[in-house]
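Remember, it's 1-based here, ligands and their atoms both numbered in the order they're listed. As a basis for the values below, the full set of heavy atoms in this structure was taken, side chains included, without hydrogen atoms, waters or symmetry mates.
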Amino acid sequence: MNFPESSLRSIFNKYPPPANANFQYGTAGFRLNATKLDSIMISVSIIAILRSFSCNNKSIGIMITASHNPPIDNGVKIIDPNGDMLPQIWEPIVTELSNCTTFEKFKDYLKPLWNKYVVNPNIKASIVIARDTRESGSRLLNICTQLFDILSPFVDYKNFNELTTPQLHYITRCFNDKSFGKPTEIGYYEKLSNSFIELLTINGHSPNDITNLIVDCANGVGADKLKLFLKSTSSSLSNKFKIINDETNIPSSLNVNCGADFVKTNQKLPSGIDHIEASNDSTLCASFDGDADRLVCYFIDNTNNKFTLLDGDKIAILLSSLISSLINQLPQNNHNHNKLSIGIIQTAYANGSSTNFIINELNLPSICAKTGVKHLHHEALNYDIGIYFEANGHGTVLFSENFHNIMISLLNDHPENISIKSLLLLNDLINQTVGDAISDLLAVIVSLSILKKSKLQWSNTYIDLPNKLTKVIVNDRNKFITTDAERKLVEPPIQKDIDHLVSTVTNGRSFVRPSGTEDAVRVYAEAASVEECQYLSNEVSKLVINAS
Ligand SMILES: CC(=O)N[C@H]1[C@@H](OP(=O)(O)O)O[C@H](CO)[C@@H](O)[C@@H]1O
Ligand SMILES: [Mg+2]
């Protein structure tokens, strides 16, 4: 009998769940007001231990963050051994355990799971844990480590303290696959730096001739980590970066009037960047979110004095253009690369113009996945090169083993070929586990350099259709049921009415779905003109309100 009942009872009683607990492990794990998370940390830590046992004692990650949410919130999510999200079948298990309000219920639910997975208690589970810079982070992390300490016969853990979310995803994967990289923060910087500098060099560039950058770090963990990255790499690179909103010592400033979500939602400069700076032809502005897994770029267009956003869709197109161009330049005497499949994964929130560009100009397949990066990631795994981005700036490029094998065999025959080498280096530069603001920004810089594109040319690749995203508060968002990658409503029965409204405007598109992270329903509308888009958005919102 190895179930550690008395240890669990003591920690459960120290951090009991509220009597009315109704928690849900959602799109981004648990995310709520930080004062409500104590008991959740216990459930998450135990499930992470069980998940490790169920994966032959591989290391599992626990990341404590609430990304772009306000400073008073926090959250926690579990990272699987290969660096991606906890598989969906485990989500209801974490949810159920977190909602056991008495120790008896908790024990009754947990014990069979424990007995199922902890079959060889002589081999320990392995956990890696980190947090962002939120004020509540160290207290919440300490609850997890208290649990690991009292369960020390069953679990080993390594506490990394502050990391960005993608750094912990990367490190979790490294713990389980030594060939992926060194499982340390320094190892992460080395991998990025070496591949970035070499990519520039072999393509005839140097860090001296890249664009100047102003990076808004949302006053979050990305600020400290970007500085450490720049310190660890060649000094001329740091001359190109101006880091702003880096006040990680003022936790109340996190994501306030700054960061990727603020810039994307408000379509304006964050605080800390003035209009003149952002108008400078030789400067590109970028924003991370609070845990540095999202990136958006932007500038003021001098030709019309307008704020110009380069969002996740534009980043996906830029990276796809580079990858397509490198693939087209591969040596022709070996046809293996014709077998490489490339897919671009978007969600319904991708601007219609970007989808048209992918299909008609890049001649690549565009796949629509459900909202939430785990869905996009999953789809991207179906391709040799799977490029996925949410419009809000979360995304990455996944390179398959087949891709790697083909490149290595091509390199054998053509050891000096720059396109082959560049593709292999991109595989190292771009975080293979999850969207990563630092890595994505470096990939953007490299793409602009190699493709010899200015930010204006990048922005003019295609012109976004006017679009509007609205939040509608309803009594019960769970009444809204969707199908077709969330593009159509099954319930309530208003899809026909939405279709009719869409048909009354030029190039119209609109869909309604319940948010997975907020208690609201989201209405998206796009059309050929701002007026038609506004009209469509208003009318569909009215339908939603009347139907709820
Ligand atoms: C329209 C939108 O931006 N939705 C966001 C938001 O999800 P919702 O389910 O829409 O609340 O938060 C998710 C987690 O951060 C992110 O993956 C997603 O893109
Ligand atoms: Mg984030």
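Of all atoms in ligand 1, numbered sequentially from 1 with element shown, those under 4.0 Å from a heavy atom of Y349 are 1 (C). Each of the atoms 8 (P), 9 (O), 11 (O) of ligand 1 lies under 4.0 Å from some heavy atom of S515.
The cationic atom of K77 (NZ for Lys, CZ for Arg) does not lie both less than 6.0 Å from the six-membered ring centre of Y25 and within 45° of the ring axis. Under the 6.0 Å distance and 45° angle rule, K191 counts as a cation-pi partner of F180.
Using a 4.0 angstrom heavy-atom cutoff, K374 does not count as in contact with ligand 1. Contact analysis puts G372 in contact with ligand 1, with a non-hydrogen atom separation below 4.0 angstrom.
What sits closest to atom 17 (O) of ligand 1 on the protein, heavy atoms only, is E390 OE1, 2.7 Å. The closest protein non-hydrogen atom to atom 12 (O) of ligand 1 is T517 CG2, 3.7 Å. The protein non-hydrogen atom at the shortest distance from atom 2 (C) of ligand 1 is N392 ND2, 4.1 Å. Remark: minimum distance from atom 15 (O) of ligand 1 to any protein heavy atom is reached at R294 NH2, 3.5 Å. In terms of protein heavy-atom proximity, atom 4 (N) of ligand 1 is nearest to T371 CG2, 3.9 Å. Of the protein's non-hydrogen atoms, the one nearest atom 10 (O) of ligand 1 is R522 NE, 2.6 Å.
Under the 30°/60° scheme for interplanar angles, the aromatic rings of Y388 and H377 are found to stand perpendicular. Using cut-offs of 30° and 60° for the angle between ring planes, the Y189 and F229 rings count as tilted.
With a heavy-atom cut-off of 4.0 Å, R513 touches ligand 1 through its side chain alone. Contacts with ligand 1 closer than 4.0 Å are made by no heavy atom of K471, backbone or side chain.
Between the OD1 atom of D291 and the OG atom of S67, the angle centred on the Mg ion (ligand 2) amounts to 100° when rounded to 10°.
Side-chain atoms of D311 and Y349 form no donor-acceptor pair, as typed in the model, at a separation below 3.5 Å. Looking at T133 and T248, their side chains never bring a donor and an acceptor atom within 3.5 Å of each other. For the residue pair T396 / N431, no side-chain donor-acceptor distance below 3.5 Å is found, with atom types taken as modelled. Counting only N and O atoms by type, the side chains of D293 and T165 include no donor and acceptor under 3.5 Å apart.
Of the listed options G435, A66, G516, G516 places a heavy atom closest to atom 8 (P) of ligand 1.
Listed for the D73 side chain is no donor-acceptor partner under 3.5 Å among the backbone atoms of G75.
When you scan the N, O or S atoms of D293 for the one nearest the Mg ion (ligand 2), you land on OD1. The Mg ion (ligand 2) sits nearest to atom OD2 when only the N, O or S atoms of D289 are considered.
With a 6.0 Å radius and a threshold of 12 heavy atoms from other residues, nucleotides or ligands, K58 has its NZ atom at or below the threshold.
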